[in-house]
**Student:** 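Below is one structure. I have some questions about it.
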Amino acid sequence: MNKIAAPKGTGDIYFPEIGKWQYLEDKIRNYFSRFLYKEIRTPIFEHSELFSRGIGSETDVVQKEMYTFQDKAGRSLTLRPENTASVVRAAIENNLFNEMFPLRFFYIGPMFRYEKPQKGRMRQFHQFGIEVFADKSARVDAEVIYAAFNFLKEIHLCGTEVEISSVGCGQCRPGFLEKLKTAAKEQEKELCGECQRRIETNPLRIFDCKNESCIKISAAFPKMIEHLCGECDTHFAELQTALQVLKVEYKINPRIVRGLDYYTKTAFEITSNQLGAQNAVLGGGRYDNLSNELGGPDIVGTGFAAGMERIILHLQDIDRKQRKTILVAYQNPALLDHALRLCETLWSSGIHAYMEYDAKNLKKQFKKGDRISADYTFILGDEELQHNTISVKDMKAREQITIKQEDLEQWLKTNI
RNA sequence: GUGAGUGUAGCUCAAGGGUAGAGUGCCGGUCUGUGGCACCGGACGUUGGGGGUUCAAAUCCCCUCACUCACCCCA
């Protein structure tokens with residue numbers, strides 16, 4: 001029989017790596033409650049339409065990266081490529097916009113995008129994120145950025161940088177895009193082939209081109225943040241003021257273009273210089289029309305999503321203090337049930353204990369003891385049985401004592 | 001979707017046309033009531049898969065698959 005491997009772009013997470021995941025998840029749950037966020041868990045799959053309408057049917061994510069399938073009733077369903085649209089859907093569906101306060105959610109979970117895997121990019125990957133609703137103020141955007149930045153700081157992820165921008169709104173963006181296209185067309189022949197194609201498909205992407213001459217040329221192109229309408233311009237200015245109040249160091253990067261259509265006004269990214277090509281650790285922004293576009297009330301939102309694999313890639317090894325572990329060993333197989341009884345006593349007291357069931361001799365058991373990093377080994381032999389004692393070996397100190405069965409509880413209290 | 005690199009023992013890697021090797025781990029022994037060291041012995045592979053060239057292929061050629069990295073895009 002041939003082996004079955006995990007599907008491309010997926011993987012198994014287990015010891016010792018799992019320690020980092022548990023650490024990160026604990027931190028998320030703890031940290032964001034500081035800002036009154038409550039966890040929300042939405043389905044892993046949704047109606048495909050939620051994403052095509054929410055994220056935008058022309059985006060790369062929707063056009064070529066979705067895991068879409070039909071269920072047995074012929075419905076088109078899609079494994080979620082991100083969670084914001086789902087959270088908005090859930091809020092609308094459960095009438096949370098009226099019933100909950102504050103309207104603050106955080107989530108942790110797997111997302112799915114059909115992409116070619118590489119460093120920091122998987123087909124099943126994990127994001128955590130936060131969403132705040134019904135607050136139009138630029139200050140809440142700043143708070144979200146502050147919360148994100150400060151979180152990374154608290155988990156000791158160094159080398160991060162905050163970049164902000166504004167992508168405008170329905171008022172100012174269309175006019176700006178026309179101006180940009182016009183400017184790009186004038187220089188069309190000087191741009192690389194890729195960028196010539198982008199003029200029609202996604203002109204904002206020209207700012208992202210790595211080609212040197214394109215960088216030079218596009219530097220002279222109009223920028224969104226220079227063509228914001230009054231409202232967006234004020235919002236962007238207030239955002240910066242609030243970031244200064246919150247002591248968040250940031251850089252304005254007009255090249256930030258979020259790949260999801262729902263963003264309006266504030267857009268931001270936190271990058272890490274420790275990552276490879278996929279240097280975005282976290283990204284987010286404001287989405288003033290998403291609820292409306294999903295058939296809900298006119299409620300604005302703002303938030304971010306962070307890539308957990310990318311964070312874990314640069315997390316230091318977690319030194320979690322392990323509980324003390326006891327190996328229960330027996331001189332010969334005739335004593336197996338006595339050893340098992342002793343194990344049960346330990347387990348029922350909540351102590352980490354382990355025994356081998358088919359070991360012929362003590363030597364073998366001691367070797368296993370090393371593999372489980374046992375702190376102590378309890379030895380049961382004919383002699384111990386006869387005198388109602390247990391021999392206790394301190395594995396590190398390599399010292400051994402003998403205690404009476406009735407003193408076991410006391411010994412455990414002082415040593416474990 | 002495009003490009004590049006890598007696939008050899010459980011793991012890390014040698015061998016670049018001539019009998020597939022080392023380190024580590026594993027099993028056993030020196031040591032039948034005691035692990036980290038040392039020494040001795042043992043098992044291990046259809047060299048990712050398929051085809052071709054050759055007297056002879058892990059090695060050269062073609063195809064395929066997988067992994068990795070990068071482009072694209074994103075977290």
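Residue numbers begin at 1 in each chain, while the letters A, B, ... track the order of the sequences. All values below were derived from every heavy atom in this structure, side-chain atoms included, with hydrogens, water molecules and symmetry-related copies excluded.
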**Student:** Of the candidate nucleotides rA75(B), rC72(B), rC73(B), which contains the atom at the shortest distance from the side chain of E65(A)?
**Tutor:**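 Of all the options, the side chain of E65(A) is nearest to rC73(B).
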**Student:** Provide the Watson-Crick or G-U wobble partner of rG36(B), both distances under 3.5 Å; none if there is no partner.
**Tutor:**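 For rG36(B), the partner nucleotide comes out as none, under the 3.5 Å rule.
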**Student:** Given rA70(B), is OP1 or OP2 found less than 4.0 Å from the side-chain N or O atoms of Q118(A)?
**Tutor:**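 For Q118(A), the contact criterion (side-chain N or O under 4.0 Å from OP1 or OP2 of rA70(B)) is met.
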**Student:** Nearest to the K119(A) side chain among rG33(B), rA70(B), rA75(B), which nucleotide is it?
**Tutor:**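 Closest nucleotide among those given: rA70(B).
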**Student:** Ignoring backbone atoms, establish whether K364(A) has a side-chain N or O less than 4.0 Å from OP1 or OP2 of rG28(B).
**Tutor:**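 So the side chain of K364(A) is within the cut-off, an N or O lying under 4.0 Å from OP1 or OP2 of rG28(B).
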**Student:** With a 3.5 Å cut-off and heavy atoms only, can you find an N or O donor on one side and an acceptor on the other between the side chain of K363(A) and the base of rU34(B)?
**Tutor:**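 Donor-acceptor pair under 3.5 Å: no.
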**Student:** Among rA70(B), rG35(B), rG33(B), which nucleotide has an atom closest to any side-chain atom of K367(A)?
**Tutor:**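 For the K367(A) side chain, the nearest candidate turns out to be rG35(B).
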**Student:** Using the rule given for side-chain hydrogen bond (donor to acceptor under 3.5 Å, both in side chains), can you reason through E161(A) versus Y250(A), listing the C-alpha separation, both sets of side-chain angles and the distance that settles it, and then say yes or no?
**Tutor:** CA-CA 7 Å; E161(A) 189 168 52; Y250(A) 63 90; over 6 Å; no
**Student:** Which nucleotide wins on minimum distance to the side chain of F366(A), given the candidates rG33(B), rG36(B), rU34(B)?
**Tutor:**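 The closest nucleotide is rU34(B).
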**Student:** Any idea which of rG36(B), rU30(B), rG33(B) is nearest the R398(A) side chain?
**Tutor:**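 Closest nucleotide among those given: rG36(B).
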**Student:** Side chain of K368(A) only, please: which of rC27(B), rG1(B), rA75(B) is the nearest?
**Tutor:**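 Looking only at side-chain atoms, K368(A) lies closest to rC27(B).
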**Student:** Examine rC71(B): is either OP1 or OP2 under 4.0 Å from a nitrogen or oxygen in the side chain of K116(A)? Give yes or no.
**Tutor:**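 So the side-chain polar atoms of K116(A) never come under 4.0 Å of the phosphate oxygens OP1 or OP2 of rC71(B).
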